[in-house]
Amino acid sequence: MALIVDLLLQAVQMALVVAVAPAVVGVTRKVKARLLRRIGPPMLQPYRDLWKLMHKEAVFAHNASWIYRTAPYLIFAATWVAAALVPSYATGLLFSWSADLIAIVALLGTARFTLALAGMDVGTAFGGIGSSREMMIASLAEPAMLLIVFTVALVAGTTQLSAVATLFSTGSVGLRVSLGLGLFAFLFVAVAENARIPIDNPATHLELTMVHEAMVLEYSGRHLAMIEAAAAVKLVLYFSLIACLFVPLGIAGPGAAVSDYALGLVAYVGKLLLLAALLPIGETSVAKMRVFRYPLFVGSAFAAAALAVFLLFVSKGF
Amino acid sequence: MPATALPATTGLGCVPGFLGLAGLAVVVGRRKVATPLIYGGSLALALVALGAALTCFLSPGPPWTLVLPIGLPGIGARFRIDALSAFFLVVVNLGAAITSLYAIGYGRHEETPARVLPFYAAFLAGMNLVVLADDAFTFLLAWEFMSLTSWAIVLARHRDPANSRAAFVYLVMASFGTLCLLLGFGLLAGPAGGYAFETIRLASHTHFTATLAVVLALLGAGSKAGLVPLHVWLPLAHPAAPSHVSALLSGVMTKVGVYGFIRIVFDLAGPPNPWFGLVVLSLGGITAAIGVLYALMQHDLKRLLAYHTVENIGIIFIGLGLALAFRANGMNVAAALALTAALFHVFNHSVFKSLLFFGAGAVLTATGERDMERLGGLIHRMPQTALAFLIGCAAISALPPLNGFVSEWLTFQAILVSPDLPQWGLKLTVPAAGALLALSAALAAACFVKAFGVTFLGRPRSPAAKAAAEVDTFSLTAMFVLAAVCFLAGVLPGFVIDALSSVTLMLTGGTMPHQAAVPWMSIVPIGESRSSYNGLIILTFLVASGFLTAMIIHRFATRATRRSAIWDCGFPLDAPQTQYGSASFSMPIRQVFGTVVFDVHERVDMPRPGELRAGSFRLRIVDPAWRLAYGPIARAVASIATSLNQLQFLTIRRYLTLVFCTLIALLVLVATWR
């Protein structure tokens, strides 16, 4: 009986991240439009966009290989599994011990590897631009992410995300310099990894400003739908990480009552909406950076995270 | 008589077997039957040796020793198989067996097999003998034999001046390495001349002797393994050899160098000092970062793989440095974790680097090209090679659920245990090494997206790439066996970790928790509450999510597809040169890291509108090791030699004066010494 409840909770988590992702993207676009004095699309428009794309014919080049055709499935699967492992409304879920923070970062790396290969598959200049720039950003953002993982792990004494979230939600950790530096670095890394301004413009059609869009330029139909869904799920994953690591209010612990789960759910959705509203405020207040200034941006996140790790090695009290 | 006597004797008996094959190869080398005969014979012998080594490795018990009355008088030739040598025998013979299988197919394309075959079998004998040796003389003899036979293979196509230069640099570096090891063993054996390892183990060394011996071992074994700045021979020699031998050089011989280091520093030099750990750790971190940055700049596929070996050796030495530091502070369980991570990476690297070199060899056979800028679109012409190479690329980029991720994960877990180390030098160096490791892991993924993407994906950039054909069954079988090993080691790592516990118990006195007792076949480095990873569940989740997504898509979405021309934003350009090549792919990373780490100079010469001359793009990258270290040393040696050359042309009066002064000086020396 307990096993079935655990399985159900895990399944709810898996379904939740996918179901809520397009809504989060819709809220982001609406708030951004409002900030730019436009009316903007309805908040549920991404669902309709995905439905439309799924019913369109998928067109691809004569020389597209099997990697091109299977990449969208693999990218979506890897991102979905990673997002399902991040505690959203409850910690201590059934399979949370099978992958820790490092494995979650590596799963996102798998998705990125596949996407970069898919970008190079057809042999266009655009795909190459996207893949090479994406790997450059990743070469700085992934180490920064790993150092943030180290910071959190050194504070909590474990890399198991569920255990870390449970510990942080009890409030015994308190405010710390290292976690503050980690949050600062994490915000920069989240912007870089999710292809948001100032790193990449998700609404662009100019190759000088493209990274993610350039890699998926050739995709259409259901393949494009899966890739866009994967990008939305990745955004939800990063929001969930901010929520459970830095703002773990209301998250339900293991073996809690139904009311706690309901509260956790409400708290989670509330945090997602709050973050979805804050992101466009940040995006509209800065301009997109030149490509060769990205190292400055992501490098400062790397430096902040490295400083946090150094401080924690010197003394666990930082 | 321990239970492992029969397999151990069999393992030792394979060495004269390989030497016999080498002799046979000399006799029949020019006949057509030589290639399948010799490689088939090596395959059989290597499989026997692998079986023997696995039996010794997996059955616990006291080490097996044998003393033969040849070699040094009074000491003899000693052989020993304990947990450490059994593990490295497994690595060596697995590499040997799979390379021999590959070579049965690949060797058909060799122009002068008589130059390669005898040295190949002798090389395998030498590598096995190094791991089996239990006294300094046998060890050094086998080490030099291994170096010389591989040098001979690198020289097989000596008419190409690049190959002869590569072989010359290799010979100089190998001699330097053996000199350092000779001095190191001399120091450890002491004035009494106790060269047997047993004697060295039981003797007590002064702090100064042990430190000096460790430094010499680091120089000697490190140059064979490929630590920066002693790595310069690797990217010259590995591409020059035939591809199956490149796989052996990169995948197996560098591990024999690692074995030499572990044997001397962990086993023979006595209790370690935390400073050893710091030096090895920092060298490992620098090696990893520099190796992968160099690899990113290469457009020759085999040179890229050779530089990438340098990065992986750096990762292994990070693990070894951590193990030394923990052991010096008495933290045996943490030392066992770090050592397990390093040894697991030794195994993983030998598997996936061999796989990647086999793929490069297949591409070379099919197209005749090694330069990535002349390849492309090979996934359509060579689909099976492409699939095996892709698995190798994913494994080496540390992507779950394959094996590269497991060893990197274990290394990260070892770094996370390090704050408990009391020494301040270590407290500040370990996070830096961790940051360098994270950086090199991300750059490795970029490197292999480039390697696979430019070679196999896209459109063919030359007629040779357009006309490529799939290679033979032996090569493909060898590649797929290695891909299967990568996959199995990734989803079932607990078995490997448990098998390595005998080695860590012997060298550090501690072991990791017993992984077979952990439920659901996860692996647990320290304690279950601390962290765990389950490759099998991650794989199941990935496959299940993929299938679920596919089912939903097929149920609710349309299945219509249409093939069309490339979209390319409405400007499809036919020339394959308009797609990204290897230099253009690595350009952003070159801009970020290149000017800092090594001198990168790009010169673009664009003709103005109306001018009819061609444009040019010149890229100059200089390995700082050559510029800062080897260049000045070579110039100093040359100038000293030139000035000493004056001694050849003196008159007889000057010679007599010289002899007289030397005699006086020696007499004075003898008088004052007494």
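Below, chain A is the first sequence line, B the second, and so on; all start at residue 1. Everything numeric here is computed off the predicted structure, so don't read it as measured data.
The side chain to side chain contact (heavy atoms under 4.5 Å, CB included) with B:Phe585 is formed by just one residue from the set A:Met136, A:Arg133, A:Met120; it is A:Met120.
In summary, the aromatic rings of A:Tyr219 and A:Tyr68 are positioned with their centroids under 6.0 Å apart. Between A:Phe113 and B:Phe448, the ring centre distance reaches or exceeds 6.0 Å. Aromatic pair B:Phe405/B:Tyr533: centroids less than 6.0 angstrom apart.
Heavy-atom distances place the side chain of A:Phe76, and not its backbone, under 4.5 Å from chain B. Contacts of A:Leu140 with chain B are made by side-chain atoms alone, with heavy-atom separations under 4.5 Å and no backbone atom involved. Looking at A:Leu146, the atoms closer than 4.5 Å to chain B (heavy atoms on both sides) all sit in the side chain, from C-beta outward. Both the backbone and the side chain of A:Trp97 come within less than 4.5 Å of a heavy atom of chain B. Residue A:Arg69 touches chain B through its side chain alone, counting heavy-atom pairs closer than 4.5 Å. For chain B, the nearby parts of A:Ala64 are the backbone and the side chain; heavy atoms of each come within less than 4.5 Å. Both the backbone and the side chain of A:Ala106 have a heavy atom closer than 4.5 Å to some heavy atom of chain B. Within the 4.5 angstrom heavy-atom criterion, no atom of B:Glu408 approaches chain A. Residue contact with chain B, scored on non-hydrogen atoms closer than 4.5 Å, involves the backbone and the side chain of A:Phe150 alike. Looking at A:Ile137, there are no atoms closer than 4.5 Å to chain B (heavy atoms on both sides), in backbone or side chain. Residue A:Met145 does not touch chain B at all, counting heavy-atom pairs closer than 4.5 Å. When heavy atoms are compared at a cutoff of 4.5 Å, A:Lys56 approaches chain B solely by way of its backbone atoms N, CA, C and O. Heavy atoms closer than 4.5 Å to chain B are found in both the backbone and the side chain of A:Ile102.
Between chain A and the residues B:Pro401, B:Pro400, B:Ser397, the most heavy-atom pairs under 4.5 angstrom are made by B:Pro400. The most heavy-atom pairs under 4.5 Å with chain A, out of B:Ala435, B:Ser586, B:Ala441, come from B:Ala435. Comparing B:Leu443, B:Thr578, B:Leu416 by heavy-atom pairs within less than 4.5 Å of chain A, the highest count is held by B:Leu416. Among the candidates B:Leu296, B:Leu426, B:Leu428, B:Val454, the residue making the largest number of heavy-atom pairs closer than 4.5 Å to chain A is B:Leu428. The residue among B:Leu421, B:Thr549, B:Val449 with the most heavy atom pairs within less than 4.5 Å of chain A is B:Val449. Top candidate by heavy-atom pairs under 4.5 Å with chain A, chosen from B:Ser564, B:Gly458, B:Gly546, B:Ala438, is B:Ser564. In terms of heavy-atom pairs under 4.5 Å with chain B, the best-connected choice from A:Ala306, A:Gly128, A:Pro295 is A:Gly128.
Side-chain atoms of A:Glu57 and B:Thr561 form no donor-acceptor pair, as typed in the model, at a separation below 3.5 Å. Between A:Thr124 and B:Gln579, the side chains place no donor N or O within less than 3.5 Å of an acceptor N or O (distance only, hydrogens not considered). For the residue pair A:Asp100 / A:Thr159, a side-chain donor-acceptor distance below 3.5 Å is found, with atom types taken as modelled.
Within a 6.0 Å radius of CZ in A:Arg293, other residues, nucleotides and ligands contribute 12 heavy atoms or fewer. The environment of B:Lys427 atom NZ is dense: over 12 non-hydrogen atoms of other residues, nucleotides or ligands sit within 6.0 angstrom. For CZ of A:Phe292, the number of neighbouring non-hydrogen atoms (other residues, nucleotides, ligands) closer than 6.0 Å is greater than 12.
Scanning residues 374-382 of chain B against chain A with a 4.5 Å heavy-atom cutoff picks out B:Ile379, B:His380, ordered by number.
The distance from atom CG of A:Leu307 to atom CG of A:Leu147, rounded to the nearest 0.5 Å, is 11.0 Å.
With respect to A:Glu193 and A:Lys234, a salt bridge is recorded, a charged nitrogen being found less than 4.0 Å from a carboxylate O.
The aromatic rings of A:Phe95 and B:Phe541 sit perpendicular to each other, their planes meeting at more than 60°, with 30° as the lower class boundary.
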